[in-house]
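This report concerns only the one structure given below.
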Amino acid sequence: MRQRGNIRRALCCLQQLACFTAFTVLQACHHGGPDAPFQAYLKARSSALSIRTPTMNATRLPQLPNEGAWQLEIAASGIDGLDMLQVSGCAVQANISKRQTSLGQFAKPSQYLFLELEYLRAAPACISRLRNSNDVALAEILQIAWHEKQGQLPAVIFNATLGSDEYRSFWLALPAPGDYPRSSPETVASALHAINEQTRRWLNGDYRARNRSVELLLSDVAGGDGGLRLQHWCRQIDWITATNLMMEQALAKSPSSLEYHRNTLALHRAATAHSYFADVIQPLTTQSQHRLQEVLVPITALETQLSAALPTLYQDWIIDRNQRIAALTNASGRHLALLRHQQNRPTE
């Protein structure tokens with residue numbers, strides 16, 4: 001009897017040592033690079049289930065179109081060929097003059113937005129002046145152009161923001177080196193919200209704009225890391241998805257075939273993996289998801305403001321992006337469901 005008790009105590013010590021070793025290895029892997037904790041977790045689950053470790057398949061992120069592909073074409077208006085001398089004495093004369101220079105004709109989207117906003121601000125006073133001086137025909141040309149530009153404003157804002165090279169750079173998973181200086185997360189968040197607020201004012205008839213201020217905001221957005229945030233979270237969930245596949249294979253078997261229901265050592269391994277998931281894996285994935293949501297919320301808000309102007313190509317990209325984000329969320333939720341299911345399986 002004494003010998004049998006010694007054997008049991010020895011086995012217990014070995015099991016505790018194995019669990020301690022497994023936990024130590026898992027903790028060490030937490031400092032071995034972004035993939036290391038997830039790879040270690042997958043192996044820990046594999047060991048507990050006595051199932052071969054599956055291969056992690058990397059998800060392909062939504063593809064961005066070439067630069068300028070999202071740009072909307074803005075129809076010309078009646079003031080583009082207008083002789084600026086006809087509106088001499090009006091503040092709008094400077095705006096019409098700018099349009100006829102090479103700078104105005106080849107303006108980048110943000111600069112064109114400023115020209116449109118300037119016209120929307122300056123034209124009403126000139127229209128009233130022309131009507132008062134009985135120059136009704138010219139006043140009508142300016143009035144028609146004003147209404148056209150007011151209707152085109154959502155598309156012009158889209159070209160300068162969501163459809164611009166700056167926002168495209170924000171979504172690149174691997175930004176081109178040297179294109180834009182990197183922006184801090186706080187700076188990016190502030191810039192995104194500031195642009196949204198400017199857009200709200202413009203669409204509600206307040207056409208004031210400080211050109212340099214908006215340009216700096218766009219530069220801050222361009223230096224952001226939206227694509228990297230999405231890629232980082234996606235990579236983590238790819239590891240979770242591989243673990244889900246393995247756990248689903250185990251659950252497809254009868255309870256008696258699961259080693260962790262028969263073997264005390266395997267049961268301890270499963271408990272160690274559960275603890276590591278709760279302490280390390282889940283906080284990492286939750287943090288990555290929240291980091292993406294921090295920038296996705298203002299991006300989505302701007303898309304909502306400009307929904308009527310979004311081109312089909314951009315709408316398709318939104319659908320692709322959102323479907324992939326939903327798939328990532330579902331994979332994480334599926335893993336939690338599998339953990340609960342395994343924990344509730346009857347033991348022999």
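Heads up: numbering here begins at 1 and tracks the sequence.
A pairwise comparison of heavy atoms in Gly33 and Pro37 identifies O-CD, 3.2 Å as the closest pair. The nearest pair of heavy atoms linking Ala194 to Leu217 is CB-CD1, 3.8 Å. Residues Leu113 and Ala160 come closest through the heavy atom pair CD2-CB, 3.8 Å. Scanning all heavy atoms of the two residues, the minimum distance from Leu138 to Gln86 falls at CD2-O, 3.3 Å. Contact record, Pro154 with Leu203: CG-CD2, 3.9 Å, taken as the closest heavy-atom pair. Nearest heavy atoms, Pro283 versus Ala278: CD-O, 3.4 Å.
The main-chain N or O of Phe38 is never found under 3.5 Å from a side-chain atom of Gln236 such that the two would form a donor-acceptor pair. A donor-acceptor distance shorter than 3.5 angstrom exists from the side chain of Gln111 to the backbone of Lys108, with no hydrogens or angles considered. Without hydrogens or angle criteria, Ser164 side chain to Thr161 main chain gives a donor-acceptor distance under 3.5 Å. Although no hydrogens or angles enter the test, the distance criterion places a donor-acceptor pair under 3.5 Å between the side chain of Thr241 and the main chain of Ile237. The backbone N or O of Thr59 lies less than 3.5 Å from a partner atom in the side chain of Asp238, making a donor-acceptor pair. Side chain of Asp320 to main chain of Asp316: no donor-acceptor pair is present (N/O by atom type, distance under 3.5 Å, no hydrogens or angles). Using modelled atom types, no side-chain atom of Thr187 and backbone atom of Ser183 make a donor-acceptor pair closer than 3.5 Å. A side-chain donor-acceptor contact under 3.5 Å links Asn244 to the backbone of Ala331. The main-chain N or O of Asn159 is found under 3.5 Å from a side-chain atom of Gln71 such that the two form a donor-acceptor pair. Remark: side-chain polar atoms of Ser169 are not paired, donor with acceptor, to backbone N or O of Asp165 under 3.5 angstrom.
Here the CG-CG distance, from Asn196 to Leu306, works out to 8.5 Å after rounding to the nearest 0.5 Å. Atom OH of Tyr119 and atom CD1 of Ile96 lie 6.0 Å apart (nearest 0.5 Å). The distance from atom CG of Leu328 to atom CH2 of Trp233, rounded to the nearest 0.5 Å, is 4.5 Å. Interatomic distance, Leu251 CG to Leu49 CG, rounded to the nearest 0.5 Å: 8.0 Å. To the nearest 0.5 angstrom, Ile195 atom CD1 is 11.0 Å from Ile157 atom CD1. Here the straight-line distance linking atom CD of Glu197 with atom CG of Leu192 works out to 13.5 Å at 0.5 Å rounding.
Residues in residues 122-154 take part in no ring pair (Phe, Tyr, Trp, His ring centres under 6.0 Å) pair, two or more places apart or across chains. Residue pairs meeting the disulfide bond (SG atoms under 2.5 Å apart) criterion with at least one member in residues 191-244, sequence neighbours excluded, do not occur. Sorted by first and then second residue, the disulfide bond (SG atoms under 2.5 Å apart) pairs with a member in residues 38-93 read Cys90-Cys126; sequence neighbours excluded. Residue pairs that meet the salt bridge (charged side-chain N to carboxylate O under 4.0 Å, His left out) test with at least one member in residues 288-301, sequence neighbours left out, are Asp225-Arg291, Arg229-Glu294. Counting only residues at least two apart or in different chains, side chain to side chain donor-acceptor pair (under 3.5 Å) contacts with residues 299-309 comprise Glu303-Tyr314, Glu303-Arg321. Under the disulfide bond (SG atoms under 2.5 Å apart) criterion, no residue pair touches residues 271-308, with sequence neighbours excluded. Residue pairs satisfying the salt bridge (charged side-chain N to carboxylate O under 4.0 Å, His left out) criterion with at least one member in residues 95-106, sequence neighbours excluded, are listed as follows: Lys98-Glu118, Arg99-Glu116.
Put simply, the side chain of Leu310 reaches to within 4.5 Å of the side chain of Leu162, judged on heavy atoms. Side-chain contact between Lys149 and Ser77 is present, with heavy atoms from C-beta onward closer than 4.5 Å. Side-chain contact between Asn132 and Arg129: absent, with no pair of heavy atoms (C-beta onward) separated by less than 4.5 Å. Side-chain atoms of Gln231 and Arg235, non-hydrogen and from C-beta on, never get closer than 4.5 Å to each other. Looking at heavy atoms from C-beta onward, Gln282 lies in side-chain contact with Leu336 at the 4.5 angstrom threshold. Two residues are said to be in side-chain contact when any heavy atoms from C-beta on lie closer than 4.5 Å; Val156 and Ile74 meet this criterion. Side chains of Leu64 and Trp70 form a contact here, defined as non-hydrogen atoms less than 4.5 Å apart. When side chains are defined from C-beta on, Asn330 does not count as touching Arg334, because their heavy atoms never get closer than 4.5 Å.
Judged as a ring pair (Phe, Tyr, Trp, His ring centres under 6.0 Å), and not counting sequence neighbours, Tyr112 has no contacts. Applying the side chain to side chain contact (heavy atoms under 4.5 Å, CB included) rule to Arg208 yields the partners Arg121, Arg201, Asp206; only residues at least two apart in sequence or on another chain are considered. Taking the side chain to side chain contact (heavy atoms under 4.5 Å, CB included) definition, one finds that Ala139 meets it with Ile127, Leu130, Arg131, sequence neighbours left out. Judged as a ring pair (Phe, Tyr, Trp, His ring centres under 6.0 Å), and not counting sequence neighbours, His232 has no contacts. For Thr243, the side chain to side chain contact (heavy atoms under 4.5 Å, CB included) partners two or more places apart in sequence, or in a different chain, are Tyr41, Leu42, Arg45, Met246, Met247, His335.
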>> Is there a side-chain contact (heavy atoms from CB on, under 4.5 Å) between Leu61 and Leu230? Walk through the geometry before answering.
In response: CA-CA 8 Å; Leu61 292 177; Leu230 176 57; 4.0 Å; yes

> Run the side-chain contact (heavy atoms from CB on, under 4.5 Å) check on Phe114 and Val214 step by step: do they pass?
Replying inline: CA-CA 9 Å; Phe114 302 143; Val214 176; 3.6 Å; yes

>> Let's go through Leu228 and Leu172 carefully: what are the C-alpha distance in whole Å and the side-chain angles of both, what is the deciding distance for side-chain contact (heavy atoms from CB on, under 4.5 Å) to 0.1 Å, and is it a yes or a no?
In response: CA-CA 7 Å; Leu228 290 174; Leu172 288 175; over 6 Å; no

> Given the rule in the side chain to side chain donor-acceptor pair (under 3.5 Å) test, do Glu215 and Ser110 qualify, once you have shown the distances and angles that lead to the verdict?
Replying inline: CA-CA 7 Å; Glu215 290 285 9; Ser110 57; 2.8 Å; yes

> Run the side-chain contact (heavy atoms from CB on, under 4.5 Å) check on Trp239 and Ile281 step by step: do they pass?
Replying inline: CA-CA 10 Å; Trp239 285 105; Ile281 299 299; over 6 Å; no

